Amino acid sequence: MLTTLVGVFIALINLVIRIYGMERDIKHLKRDYMGLSSNLNALVTELERRMDSNERAMIEVRCVASHLSARLVGDHSGGL
């Protein structure tokens with residue numbers, strides 16, 4: 001009977017230790033998830049900023065190309 005009580009007590013202690021370990025692991029996972037989420041948000045924000053910058057640059061290139069094309073067409077048609 002005493003050995004059964006000791007066995008149950010040891011099993012309870014092991015259960016408490018395992019529960020504590022699982023809680024600690026879950027806290028670590030939550031913290032890692034929050035860090036990854038924050039980093040992902042920063043990367044998406046930076047990507048959006050760069051895409052906006054590239055879009056503005058492409059619009060500028062189109063405007064310059066359109067202007068140059070109009071000048072070239074104007075120069076060629078004026079001499080005929």
Side-chain angles (χ1 to χ4, degrees):
M1 171 112 170
L2 181 62
T3 56
T4 303
L5 288 175
V6 171
V8 168
F9 184 69
I10 291 173
L12 287 174
I13 290 174
N14 286 334
L15 180 62
V16 169
I17 291 171
R18 289 175 66 191
I19 290 172
Y20 170 77
M22 284 188 259
E23 288 174 348
R24 187 187 65 227
D25 290 345
I26 289 171
K27 287 179 184 177
H28 285 295
L29 290 171
K30 284 181 181 179
R31 189 183 67 231
D32 290 346
Y33 171 79
M34 294 303 289
L36 288 171
S37 178
S38 176
N39 289 339
L40 182 59
N41 286 336
L43 287 172
V44 167
T45 300
E46 177 64 15
L47 181 60
E48 287 174 347
R49 185 191 67 77
R50 288 182 183 194
M51 288 177 68
D52 289 343
S53 176
N54 286 342
E55 186 176 358
R56 286 191 302 272
M58 288 175 62
I59 290 170
E60 186 176 332
V61 167
R62 285 183 191 144
C63 288
V64 170
S66 176
H67 179 72
L68 289 174
S69 176
R71 285 187 70 187
L72 287 173
V73 169
D75 288 346
H76 290 297
S77 65
L80 293 175

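Everything quoted here is computed from the prediction, not taken from an experiment. Note: hydrogens, waters and symmetry copies are ignored here, and every other heavy atom, side chains too, is used.
Side-chain contact check for Leu36 versus Leu40: every heavy-atom pair is 4.5 Å or farther apart. Taking 4.5 Å as the limit, some side-chain heavy atom of Ile13 sits within range of a side-chain heavy atom of Phe9. Between Asn54 and Met51 the shortest side-chain heavy-atom distance does not fall below 4.5 Å. Side-chain atoms of Val64 and Leu68, non-hydrogen and from C-beta on, do get closer than 4.5 Å to each other.
To the nearest 0.5 angstrom, Arg71 atom CZ is 5.0 Å from His67 atom NE2. To the nearest 0.5 angstrom, Ile19 atom CD1 is 4.0 Å from Leu15 atom CG. One distance of note links CG of Asp32 with NE2 of His28; it measures 8.0 Å at 0.5 Å rounding. Considering CE of Met1 and OG1 of Thr4, their distance stands at 7.5 Å, rounded to 0.5 Å.
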Worksheet item: Can Glu46 and Arg49 be said to form a side-chain contact (heavy atoms from CB on, under 4.5 Å), step by step?
Response: CA-CA 5 Å; Glu46 177 64 15; Arg49 185 191 67 77; 2.6 Å; yes
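In this structure, the side chain of Ser69 does not engage the main chain of Ala65 through any donor-acceptor pair within 3.5 Å.
In summary, of the residues considered (Val8, Thr3, Ile10), a side chain to side chain contact (heavy atoms under 4.5 Å, CB included) with Val6 occurs for Ile10 alone.
Other residues, nucleotides and ligands contribute only 12 or fewer heavy atoms inside 6.0 Å of the CE atom of Met58. For CZ of Arg50, the number of neighbouring non-hydrogen atoms (other residues, nucleotides, ligands) closer than 6.0 Å is 12 at most.
Salt bridge Arg56/Glu60: absent, no basic N to carboxylate O contact under 4.0 Å.
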